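First comes the structure, then the notes that go with it.
The basis for the numbers below is simple: all heavy atoms, side chains too, and nothing from hydrogens, waters or symmetry mates. A note on names: the letters A, B, ... follow the listed sequences, proteins ahead of strands, and every chain is numbered from 1. Just so it is clear, the model here is predicted, and its values are computed rather than measured.
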Amino acid sequence: MNYNFREIEAKWQKYWAEHETFKASNHSDKPKFYALSMFPYPSGAGLHVGHPLGYIATDIYSRYKRHKGFNVLHPMGYDSFGLPAEQYAIQTGQHPAITTENNIKRYREQLDQLGFSFDWSREVRTSNPAYYKWTQWIFIQLFNSWYNKTSDKAENIETLVSIFEKEGNANVQAACDDDTPTFSASDWNHFSAKEKQEILLKYRLTYLADTEVNWCPALGTVLANDEIVNGVSERGGHPVIRKKMTQWSMRITAYAQRLLDGLDKIDWPQPLKDSQTNWIGRSEGASVTFNVLDAERSRSDEGVISSAVEKSQKDVISGDGVTSSAVEKSQKDVISTPLNHPYQIEVFTTRPDTIFGVSFMTLAPEHELVAKITTPEQKAEVEAYVEATAKRSERDRMADVKTVSGAFTGAYAEHPFTKEPIPIWIGDYVLASYGTGAVMAVPCGDQRDYDFAKHYNIDIPNIFEGVDISEEAFADKAATIIANSDFLNGLSYKEATKKAIAELEKIGQGKGKVNYRLRDAVFSRQRYWGEPFPVYYVDGMPQMIALEHLPLELPKVEKYLPTETGEPPLGNATHWAWNTEQCTVVNNQLIDYKTVFPLELNTMPGWAGSSQYFNRYMDPRNNEAIFSKEAIDYWQDVDLYIGGSEHATGHLLYSRFWQKFMFDMGYVSKDEYAKKLINQGMITGTSAFVYRVRVTFLSVRFNEAGRISEQDNSFEEVVLVSKGRVEEHERTKDFSFLGKRLAAYIEGEFNELRQDQEIDDYECSIDFNPIRVKVKYVNASDELDIDSLKKDDEFGNEYSNAIFIGENGEEIYSSNDIYKVGREVEKMSKSKLNVVNPDAICEEYGADSLRLYEMFLGPLEQSKPWNTAGITGVSSFLKKLWKLYTPFFDTDAERSRSVTEAEPTADNLKTLHKTIKKVQEDIEHFSFNTSVSNFMICVNELTAQKCTSKSILEPLAILVSPYAPHIAEELWERLGHTESIAEAPFPTFEAKYLVESRKEYPIQFNGKVRFKLELPTDMDSKAIEAAVLAHEKTQEQLQGRAPKKVIVVPGKIVNIVG
RNA sequence: GCCUUGGUGGCGGAAUUGGUAGACGCGCUGGAUUCAAAAUCCAGUGUCUUCGGACGUGUGGGUUCGAUUCCCACCCAAGGUACCA
């Protein structure tokens, strides 16, 4: 009886579904275990072989934990809001909900095929109104909260209001906007309702702010940074401008420190923690205010100055200019402006101890003061520099440490202590997005400042005791002793820092500060396919829709593009107004600003729906609450979370932020939601390339003026040359390698050129443009299936008339020659045409083979290329495993009984227990690749031992079951069980079966193994040494020398030195 | 530039605390079976070799009786990038 995986896999998938084998209960006496895989975005390309890698790992662990007696929660769902569905809708007009539904169906079929032990009754979809009701609910909770720095947690906004009523905001320690004014209790009580709302918005954890976006007028949308290349849109090359837009933001900066501290409590990969730590970017130092010396004053343009003074309150703090920064915010940060200085520059420095070493200042070219302080003489130079900088990316600016560039503004700042003038420069090594976008440059203590000073001949005062700075800057904090620095002389880094800050505070020009790189998260998207905000506007102020009226469902729209007036797609909806009396969505025409108001037109970003989904799984059908208290109390948090590292600073940071907020509000009892996280490595694809020929002729004529006329004649036909031919040509430059047809063409063109009397010279150049083709048309020997490629019409039959030149230079008509493609390993993605779907492999080898093979490829956390060549290995392993059990399939009752009762031999037991030990250790260390090897070893050994003992084969089936569950269930049943194997107890390892009486010792001479000697394991070192030295081969090796030293490691090795 | 991860046969990879480098699988070679093929089974398979052995885990050093493993310096590849006042 053969192993028929098709029949078996279908049978057990049906069984599991019908028996709800993996349904998790919220009430159980068993210990709980919550195993989670990151849920997928259901794209149109379907699941590819990279997706299941993490799912299989989580599934193996889940199944293992069931065998170990845990109540396991192992859910799956879909992150189903997203851009691709919307873009498809824009192209085809089809509603994203429909395409999403279809894609989910396909994903579900593919997932079902792989035999995962998901509890499908808990499936969630972020685009489902019953789900996003709770995403909207959390948004409202955030809106109704502020961050109290004193209690160090989020609190209900009502507690803030009551403080305002009693004492105003002077003493409130809160995370809030920079420009929050100070007011008294009586001020507050006299504010109008709208003024109060405006103030509160500056404190809420989600708030409206004008933030700059990359606006592309031609596309009518906002673009992400990486959608912009060299200042124009990646798609279409349209210009992009910075535009201010009122958008929702999340005050994640309030949680910066807690997000940092929480990392110590969780078992996440260190690289991931590092990347979050760097993203948050904490640094300690001081903020220092430098007054700009007023060059304008002498021109007695008083009007300009006084208006500048009025606005200077703003200019002081907004050194970062671009967006709200993570500079710790509180009203106290506002430093009062001395009236005689129209402008001030605030810098953040980690080295306030070096303040007397400042010899210039550098502003980021984008710094908003640049235009204001630049003198007329320097204007042209500065503007040219600013323009040049705008073309460089931040990455480029950071990576380039070799070239020094900048420009002098002509303006000077005043040193806070010496009152000396300091020249103000701009330089692209200072980034606008970090700190305040301005640096107090201390060339003797910072290498980049040093290089800048050297380059522009700026003074480099030395403020370090006994340090030579003639060659490079000195940045060693520990060895620092300050000199030439007035009151800081003789102090260490620590002492001087403390003292400098104290002195700065005295003169009101600085204070100690912790700076975070993290910025508040923009939460609005100008898109259709996302969660609508439960928000309407009364008199320009946002109002929340009450919970009982949620979800606020996405309206129907005619088209998914922005409106002609540049509003987001929801601006196209005809029914998108809120009637506050009926509490329903009504026609926009009814808006009267009395009872009917406009609704918010933005939608939420991709990470909104994924920031609490792990908690929703605990109680996914609850319509009264996001989850019940019982459910969250039982499941608590995720025990194992597996997913890709690309989410390190997106999903994985924002979801921690929301969890901490939920914790502050008392909804969850853990402020970190995932105890352990593992990043599965990427499965890379092997892209295939064909080489399109481009032939260019150059004809040249000469006259008195020299070389005057050139003409290009390009070969128009699509000719694709096989890889071997391309390589030959590149080596030899011989055209004949390109095939007769092309060679004849080139010859013909040359002849024509020769006949043209007016041409003095001619040449021909050939290049090969590699173009990706779908990997499904390429076989394992890199040969291209030309007929199928020609028929492919996804991109409009682009190859139907192409000419293919094969390896032998033949033009391919049938099988007269073969075409070989070039290959390259890249990330697997639809756009690279290298996606391999699991379906075909499942069809040919079965799900169990695919599961084993994906694990067998290599360590889970490492990235590895996909290559199906090795799958026959695991497939034949499963056949061998099956064969081991065939005696049980015999209908002859007599024979079956004799098999059942066969006593296991010592070898059988040794093989089994060795495997139990290894597999258990492997699973617990997530080393799934090595356990597959060990199954192979185990089956090979048992086969060689002709093992037919039920007491061996029964536990073996359980060991295999997490990895290859279908075959394990089938074998389990054939062993006579009527219940599923899913909860059969994991076999217990017994060391006694592995005890060896003899050990084959490798005998080394000077570290090299020369022979082996079998000795009893209970022999002590002395006896081993004696036995080895007495051996004839030892004498042979030593050739009469006396050994200097003999190292005996009992049970391991013997090494003789001499 | 910086951060992270990695570099071992023709390929994927193994070696759990410093103790026989290359487990297991693919591929390849030879053989059995077969009319033949597929499938299956058996044997071999790091490189060089004067058949004694020598060399061998990115490179160069170091520690050690012994190093893929620990230390120092460097090279290369992939991923990330905000580095930093």
Side-chain angles (χ1 to χ4, degrees), chain A residues 269-275 277-281 283 285-286 288 326 347-352 354 361-362 364 394-402 429-431 433-442 445-449 515-519 645-646 648-649 679 681-682 684 780 825-827 852-853 856-859 861-877 879-880 883 918 921-922 925 927 929-937 940 1000-1012 1043-1049 1051-1058:
Chain A
Q270 195 55 43
L272 198 156
K273 288 188 184 181
D274 290 347
S275 113
T277 304
N278 293 334
W279 192 265
I280 296 166
S283 50
V288 184
V347 302
F348 174 75
T349 176
T350 52
R351 295 296 304 271
T354 63
M361 302 193 73
T362 316
E394 283 206 347
R395 175 92 42 87
D396 196 26
R397 283 163 62 178
M398 284 181 317
D400 185 6
V401 292
K402 288 188 192 105
Y429 76 101
V430 177
L431 303 176
S433 58
Y434 185 78
T436 62
V439 180
M440 60 170 226
V442 182
D446 182 285
Q447 193 57 43
R448 282 165 313 165
D449 294 346
N515 193 45
Y516 296 97
R517 177 69 190 82
L518 186 69
R519 280 172 259 170
S645 59
E646 66 271 23
T649 49
N679 288 132
M682 195 166 59
T684 48
V825 171
E826 300 181 292
K827 181 181 169 136
L852 282 172
Y853 187 59
F856 189 58
L857 276 178
E861 289 160 274
Q862 233 164 268
S863 81
K864 53 227 156 213
W866 179 256
N867 179 359
T868 45
I871 198 165
T872 53
V874 292
S875 166
S876 62
F877 156 73
K879 285 180 200 157
K880 285 184 211 165
K883 223 166 139 191
K918 184 73 178 132
E921 282 169 4
D922 284 347
H925 291 110
S927 172
N929 53 327
T930 49
S931 26
V932 178
S933 300
N934 278 282
F935 286 135
M936 291 174 174
I937 294 168
N940 288 347
E1000 192 181 47
Y1001 279 91
I1003 311 300
Q1004 294 184 335
F1005 290 82
N1006 299 320
K1008 290 188 198 306
V1009 179
R1010 293 299 170 196
F1011 68 93
K1012 285 169 189 173
K1044 287 188 193 126
K1045 200 172 175 184
V1046 180
I1047 291 118
V1048 178
V1049 185
K1052 289 253 159 107
I1053 205 162
V1054 178
N1055 191 10
I1056 297 163
V1057 187

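Pairs of Watson-Crick or G-U wobble type, with distances under 3.5 Å, assemble into runs of 3 or more in RNA chain B at these ranges: B:1-7 with B:75-81, B:10-12 with B:24-26, B:27-32 with B:40-45, B:46-48 with B:53-55, B:58-62 with B:70-74.
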Its contact letters, B for base, S for sugar-phosphate only and - for none at protein heavy atoms under 4.0 Å, make nucleotides 46-51 of chain B read ------
Any chance you could list the contact pattern along nucleotides 20-32 of chain B? Use B for base contacts, S for sugar-phosphate-only contacts and - for none, protein heavy atoms under 4.0 Å, 5' to 3'.
B--BBSS------
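With C1' as the reference atom, B:A32 and B:U50 are 36 Å apart, rounded to whole Å. For the C1' atoms, the distance from B:G27 to B:U81 is 40 Å, rounded to whole Å. To the nearest whole angstrom, the two P atoms, one in B:G52 and one in B:C41, are 35 Å apart. Nucleotides B:G7 and B:C71, compared at atom P, are 15 Å apart to the nearest Å. When the P atom is used for both B:C11 and B:G19, the distance is 26 Å, rounded to whole Å.
A:V347 comes within 4.0 angstrom of nothing in the nucleic acid, heavy atoms only. Base contact: A:N1055 has a heavy atom under 4.0 Å from a base atom. Nucleic acid contact class of A:P269 (heavy atoms, under 4.0 Å, all strands): none. A:V430 comes within contact range of at least one nucleobase, with a heavy-atom separation under 4.0 Å. Residue A:Q270 is out of contact with every strand shown, counting any heavy-atom pair closer than 4.0 Å.
In terms of heavy-atom proximity, A:S933 sits nearest to A:F856 at OG-CE1, 3.6 Å. Scanning both residues, A:E861 and A:N679, for their nearest heavy atoms gives CG-O, 3.2 Å.
Side-chain N/O atoms of A:K1045 include one lying less than 4.0 angstrom from OP1 or OP2 on B:C65.
Classification of B:G60 as anti follows from a glycosidic angle more than 90° from 0.
The side chain of A:P859 approaches B:G13 more closely than any other nucleotide in the set B:G13, B:G19, B:C84. Counting only heavy atoms from C-beta on, A:Q862 has its side chain closest to B:G13 among B:A54, B:G13, B:C84.
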